[in-house]
Amino acid sequence: ATPSAATVKSWSAKTNERFRFSVKASRQITHILKLGEGSSEASDRLSKVIDLLGPRRGPVLFQLPPYSKQDIRLLEEFLSRTSGIKDRVFEFRHESWLGQPTFQLLERYGAGYCIAETEEMKPTFQVTGGLAYFRLRKESYDAKAIDKWAEKISQMSGGLRECYAY
């Protein structure tokens, strides 16, 4: 659900000015409406509320469900209808999305791609939209794996306007 304006203002007041909030779009948008009818309006409402964060506002993550197979036309329609939302990032959990047609479309619309690693999927290293966004979602990481990721993140984020890693 979209947080209330009062909640968002409270978050902003409780953090220092260098802090950035990344917000994950609700399942209503990605899993129920599936980026289709009504999803752009719900996304616009979310964006207007999180804009209250001012300079603390970071990207909005749209995490598609694992059963959502590539549909370039649907993604392009959603990207077009939500072009007023800054720093949109997409995490695709079905391998059919992980190719140049998807990455080129995200780049064309200035949207980011979430480089994610899970127990089920290996990461696809691609940056789009001028920002690097990483989600390390395995159960645990040892010191060697963390060092390897730190090096990769540093390498991939050089020269970009922003980088987010979780």
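The first residue in the sequence is number 1, and the count goes up from there.
Contact annotation: the side chain of F62 approaches that of F78 to within less than 4.5 Å [non-hydrogen atoms, C-beta and beyond]. A 4.5 Å side-chain heavy-atom check between Q70 and H94 finds every atom pair outside the cut-off. Annotation: side chain of L35 is in contact with side chain of I29 (closest heavy-atom distance under 4.5 Å). Using a 4.5 Å cut-off on side-chain heavy atoms (C-beta onward), R81 and E41 make no contact. Two residues are said to be in side-chain contact when any heavy atoms from C-beta on lie closer than 4.5 Å; Q63 and T30 fail this criterion. Within the 4.5 Å cutoff, the side chain of Y141 has heavy atoms near those of the E117 side chain. Contact of the Y109 side chain with the E76 side chain is registered, since non-hydrogen atoms from C-beta on lie closer than 4.5 Å.
There is no path of hydrophobic side-chain contacts, each under 4.5 Å, that joins L75 to I32. L105 and V89 sit in two unconnected hydrophobic clusters of ILVMFWY residues. Membership requires side-chain heavy atoms under 4.5 Å apart, directly or through other members. Both V60 and W11 belong to a single network of hydrophobic side chains, linked directly or stepwise wherever heavy atoms of I, L, V, M, F, W or Y lie under 4.5 Å apart. Taken together through direct or relayed side-chain contacts under 4.5 Å among Ile, Leu, Val, Met, Phe, Trp and Tyr, F103 and M121 form part of one hydrophobic cluster. At a threshold of 4.5 Å between side-chain heavy atoms, the hydrophobic network of Ile, Leu, Val, Met, Phe, Trp and Tyr places L131 and V23 in two separate groups.
Crowding of E151 atom CD: a count of heavy atoms from other residues, nucleotides or ligands under 6.0 Å not exceeding 12. Enclosure of atom CD in E119 by more than 12 non-hydrogen atoms of other residues, nucleotides or ligands within 6.0 angstrom is indicated.
Formation of a donor-acceptor pair under 3.5 Å by the R135 side chain with backbone atoms of Y166 is not found in this model. Proximity of a side-chain donor or acceptor of T128 to a complementary backbone N or O of A111 within less than 3.5 Å is detected. The closest donor-acceptor contact from the side chain of S43 to the backbone of S39 lies under 3.5 Å. The backbone N or O of G129 lies less than 3.5 Å from a partner atom in the side chain of E107, making a donor-acceptor pair. The closest donor-acceptor contact from the side chain of R56 to the backbone of T15 lies under 3.5 Å. No donor-acceptor distance shorter than 3.5 angstrom exists from the side chain of R20 to the backbone of Y164, with no hydrogens or angles considered.
Ion pairing of K24 with E91 is absent here, as no side-chain N (NZ or NE/NH1/NH2) approaches a carboxylate O to less than 4.0 Å. Under 4.0 Å is where a charged nitrogen must lie from a carboxylate oxygen, and between R73 and E77 at least one such pair does.
Applying the ring-ring contact (aromatic ring centres under 6.0 Å, His included) rule to pairs touching residues 33-57 yields nothing, sequence neighbours excluded.
Across every non-hydrogen atom of T102 and F92, the tightest pair is CG2-CE1, 3.5 Å. V49 and P3 make their closest contact through CG1-O, 3.2 Å (heavy atoms, listed as atom of the first residue, atom of the second, distance).
Results of the side-chain contact (heavy atoms from CB on, under 4.5 Å) test with D87 over S22, P59, S47 single out P59 as the only residue that passes.
Residues Y133 and E162 have side chains that never bring a donor and an acceptor to within less than 3.5 angstrom of each other.
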